[in-house]
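As the structure is a prediction and not an experimental result, all values here were calculated from the model. Values below: every heavy atom of this structure, side chains too, minus hydrogens, waters and symmetry copies. So that the names make sense, note that chain A is the first sequence line, chain B the second, and so on, each numbered from 1.
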Amino acid sequence: MSDIRVRFAPSPTGYLHVGGARTALFNWLFARHTGGKFILRIEDTDIQRSSEEMVRGILDGMEWLGLDYDEGPFFQSDYAEKHRAAAYELLEKGWAYRDFTPKEERDDATVKQQAAEAARQGKVMNPFRNLSREESDARSKSGEPFVIRFKVPEEGKTSFDDAVYGLQERDYKDIEDLVLLRSDGHPLYNLSVVVDDILMGITHIIRGQDHLSNTHKQVLIYQALGKPSPRFAHLPLILAPNKGKLSKRKHGEIVSVTTYRDSGFIPDAFVNFLALLGWSPASGEHADREIFSREELINLFSLEGIHKANAVFNFTEGDARNWTDQKALWMNWEYIKTIPMEKLAPFVKADLQRSGLWRDEYDGGRRAWFEQVVTLIRERARTLTDFTNHGRPYFVDDFSFEFDEAAVKKNLQKDPALKELLPQLADAFAALDEFTHETIEAALRKFAEEKGVKAGLLINATRTALTGQAVGPGLFDVVSAVGKDRAVARLKHAAHSVC
RNA sequence: GGGGCGUUGGGCAAGAGGUCAAGCCGCAGUUCUUUCAAAGCUGAAAUCGCGGGUUCGAAUCCCGCACGCCCUGCCA
C-alpha cells in the first residue's frame, strides 16, 4: 500500500471516448502498479451538459473495461461551495480581484478579437486589477455584477516538471488573468479541479496533453492556496487518421467504448490495445512483444514508458472490415483465438443469448459439443459477434441460416451430378454407426471413389449444404459438429431445393 | 497573432553517439491444403520532417526552418 492517489475526471458526455478510456486506463494501471488509490470524479460543473444518463455512459464504459475505482464517483458540482470559498479566499489574500466588466463585453466573439489585438501590443492589464479594496467592496455591495479573476503576477515565470514532457516553463506575461468565479457565482474549471484535487489528496495527475498549457494556471492556484502541486504526467493525444481530432461528431460511434463492447470485443483485448497507444514497456526486454495480460500491464506500467508524440487511431471510414483500428481488430482476434475456453465461453454465451440461440444444455449435457463448436469457430472469428454470424448453422436445428449466393453457385450448382450424389452421400452418412471426423472422412472418400468423382467436389458441396458458406473450418470437423441427423437432413434439403 | 508540445516505413512503435535502423498490424508472394483462414517461409516498404553544425562517427547532441497538434472562454 502506498499513499499515491490518482483520479480520472471525465465530463459527463454520455459515452466514454477512447481517448478518455486510455486516460482512465493509465491512471488505473498506475494506481494498481503502485498500490495506490484510483478515484473517479465526474466534472459536471457545466450544469447545462450533465445529467444522470450522461454519467451512466461513462460508468458503463469503465465497467466494461474492468477499470474499477476505489473511491467515487464524486461529482464536482457537489463541491461548488468549496470552490466558491476558495475563490473568496484568494480574493481575501489579494491573489484575485473583482472584475466588473459587463458580461456582454466579454462574450466569445469579442474576446477572441481582443486577445489577438492584445497579443500584438503585449499584455494589457485588466482595468479592475488594481481597483482599491474599498471601491471593489462598495461596488459589489451595491449589487453590481462581477467575476473573480486570478491576479497573475507581472514579473517572473511558473514552472513544473512534467513526468512525460519534462520541465515546463512559462512567463507570467503569457498567462492571462483567468476567471475563477462566474458572475452568476459558478466556479470555473481551473479553480474547481485544483480545489477538488487538493480535497481528494491527489498526488499524481495523469491526463491528456490538451491540458498541458493550462497546467501553469493551476500551478499558480496551488501556490496561491498555499498547497503543494501534485506530480503531473501528460499523455499524448489519440488522433484521427487525418491527424485531426477524433470526435464523435466527425467519426461517429467509433470513438465510443461501448461500440467495441457491442461489436464483440473482448475487454482485455481492447485494454491491451489501448495500453500500447502512447505507452510501451520501458525496459527493452519486452519491446518486441504486443500481447500483455492485465497483470503484466500492471507490473510493467510506468510513467517513464509514456510517449511524447501523438498517436493516430488508424481506421478506414466506410470500410466494413476495417471499421476501426486494424491492430485493435487483430488483437481482439488474437485473444479470441488464444484465451482459455473457460474465459471465452461466457462471452460466446452472452452473444448467443442476445440472438436467441442459446440453450441451457450447452452448460450441461451438451457442454462438450458446445466447446467443440466454439473451438471450431474461434480460429476464424475476428469479433465475438462472429459466433452468431458464422456460427449460426451450428446452433439452429432447421435450415434457418443464410445461403451465400456465390457459395451456392460455386459449390452446389456447378456440377449437376450433385443433385443425385448428395442424397446418396447423406445415406452413406446415415449408415455410419460412429460419427466422427475419421469415420466421416473415410465414408466420404470411399463414396467419392465409388462414384468416380473428386473428393473435393463433395467436400465443398457438403460445406455449403451444411453451413450455407463457401468458407469455414475443415469439412470433417464441420460435419461432426453439425451431427449426423442434421447433416443428413441438410444434404437432402440442399439437393432438392438449391442444386 | 502569442505561447507550448511534437516529427523513426501506410498505422502502432524499439532505439537513448559506433553491427546491414528491432518487433507488431497491414500489404504482396510462397509452402501446406477439401474451401477460407491459421501456421511457416520470403518480400516490398524509412535518404530516421528539412537544412546547417559538433564529432573519427549522429535517428540519437546543438542551431535554424517547415509541418502537425494543443492552449490562448464568465467550456471542461
Asker: Just jot down the ring pair (Phe, Tyr, Trp, His ring centres under 6.0 Å) partners of Tyr79(A), sequence neighbours excluded, or say none.
Answerer: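 Counting only residues at least two positions away or on another chain, Tyr79(A) forms no ring pair (Phe, Tyr, Trp, His ring centres under 6.0 Å).
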Asker: Would you tell me whether Arg207(A) and Thr215(A) have side-chain atoms, one donor and one acceptor, within less than 3.5 Å of each other?
Answerer: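 A donor-acceptor contact under 3.5 Å links the two side chains.
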Asker: Both distances below 3.5 Å, Watson-Crick or wobble geometry, any strand: find the nucleotide opposite rA22(B).
Answerer: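 Across all strands, not a single nucleotide pairs with rA22(B).
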Asker: Please report the distance, rounded to the nearest Å, between CG in Leu237(A) and P in rG6(B).
Answerer: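 Rounded to the whole Å, the gap is 13 Å.
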Asker: Could you state the CG-C1' distance from Leu16(A) to rA76(B), rounded to the nearest angstrom?
Answerer: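 One finds 16 Å between C1' of rA76(B) and CG of Leu16(A), rounded.
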Asker: Rounded to whole angstrom units, what separation is found between the CE atom of Met331(A) and the P atom of rG11(B)?
Answerer: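 One finds 18 Å between P of rG11(B) and CE of Met331(A), rounded.
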Asker: Regarding Gln168(A), tell me which of base, sugar-phosphate or nothing describes its non-hydrogen contacts under 4.0 Å with the strands shown.
Answerer: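 Touches sugar-phosphate only.
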Asker: Name every residue in residues 401-409 of chain A that has at least one heavy atom under 4.0 Å from any atom of RNA chain B, in order of residue number, or write none if there are no such residues.
Answerer: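 Of all residues in residues 401-409 of chain A, none places a heavy atom under 4.0 Å from RNA chain B.
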Asker: Expressed as a whole number of angstroms, how long is the span from Leu239(A):CG to rG68(B):P?
Answerer: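 That distance rounds to 13 Å.
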Asker: Ignoring hydrogens and angles, state whether a donor on the side chain of Asp177(A) or Asn126(A) is under 3.5 Å from an acceptor on the partner side chain.
Answerer: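 Side-chain D/A pair, Asp177(A) to Asn126(A): absent.
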Asker: With the criterion set at under 5.5 Å between ring centres and under 30 degrees between planes, would rG4(B) be stacked on His216(A)?
Answerer: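 Aromatic stack with rG4(B) absent for His216(A).
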Asker: What nucleic acid atoms does Glu290(A) come within less than 4.0 Å of, heavy atoms only: base, sugar-phosphate, or nothing?
Answerer: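 It contacts base atoms.
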Asker: What is the distance, rounded to the nearest whole Å, between atom CG of Asn310(A) and atom C1' of rG6(B)?
Answerer: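 About 7 Å, once rounded to whole Å.
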Asker: Report the relative orientation of the aromatic rings in His234(A) and Phe232(A); use parallel for angles under 30°, tilted for 30 to 60°, perpendicular for over 60°.
Answerer: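 If you compare the ring of His234(A) with that of Phe232(A), the planes turn out parallel.
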Asker: Between Arg182(A) and rC75(B), does any side-chain N or O lie under 4.0 Å from OP1 or OP2?
Answerer: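 Yes, because at least one side-chain N or O of Arg182(A) sits under 4.0 Å from OP1 or OP2 of rC75(B).
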Asker: Using ring pair (Phe, Tyr, Trp, His ring centres under 6.0 Å) as the criterion, list what pairs up with Tyr69(A), not counting sequence neighbours.
Answerer: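 With neighbours one apart ignored, the set is empty.
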Asker: Counting the atoms with a prime plus P, OP1 and OP2 as sugar-phosphate, which does Val179(A) contact under 4.0 Å by heavy atoms, base, sugar-phosphate, or nothing?
Answerer: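 Sugar-phosphate contact only.
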Asker: Using OP1 and OP2 only, check whether a side-chain N or O of His211(A) sits under 4.0 Å from rC70(B).
Answerer: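 So the side chain of His211(A) is outside the cut-off, no N or O lying under 4.0 Å from OP1 or OP2 of rC70(B).
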Asker: Measure the distance from NZ on Lys217(A) to C1' on rC74(B) and round it to the nearest whole Å.
Answerer: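 One finds 13 Å between C1' of rC74(B) and NZ of Lys217(A), rounded.
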Asker: Contact class for Phe476(A) vs. all strands (heavy atom < 4.0 Å): base, sugar-phosphate, or nothing?
Answerer: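 Base: the residue Phe476(A), judged by heavy atoms under 4.0 Å, touches a nucleobase.
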Asker: Would you kindly give the OH-to-C1' distance between Tyr172(A) and rU72(B), to the nearest whole Å?
Answerer: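 Spelled out: OH on Tyr172(A) to C1' on rU72(B) is 18 Å.
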Asker: Specify the separation, in whole Å, of atom NZ of Lys245(A) and atom C1' of rA76(B).
Answerer: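 About 10 Å, once rounded to whole Å.
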Asker: Considering every strand shown, what is the Watson-Crick or G-U wobble mate of rA59(B) when both distances are under 3.5 Å?
Answerer: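 Checking every strand shown, rA59(B) finds no partner, since no pair has both distances under 3.5 Å.
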Asker: With both distances under 3.5 Å as the test, what is the Watson-Crick or G-U wobble partner of rA44(B)?
Answerer: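 Base-paired to nothing in any strand shown.
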Asker: Considering Watson-Crick and G-U wobble pairs with both distances under 3.5 Å, what does rC75(B) pair with?
Answerer: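 Answer to the pairing question: none, since rC75(B) forms no Watson-Crick or G-U pair.
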Asker: Write down the partner of rG6(B) under the Watson-Crick or G-U wobble criteria, each distance required to be under 3.5 Å.
Answerer: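 For rG6(B), the partner nucleotide comes out as rC67(B), under the 3.5 Å rule.
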Asker: Walk me through whether Ser480(A) and Gln372(A) qualify under side-chain hydrogen bond (donor to acceptor under 3.5 Å, both in side chains).
Answerer: CA-CA 10 Å; Ser480(A) 94; Gln372(A) 180 195 347; 3.2 Å; yes
Asker: With a 3.5 Å limit on both atom pairs, tell me what rA39(B) is paired to, counting Watson-Crick and G-U wobble, or say none.
Answerer: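 Looking at the geometry, rA39(B) pairs with rU31(B).
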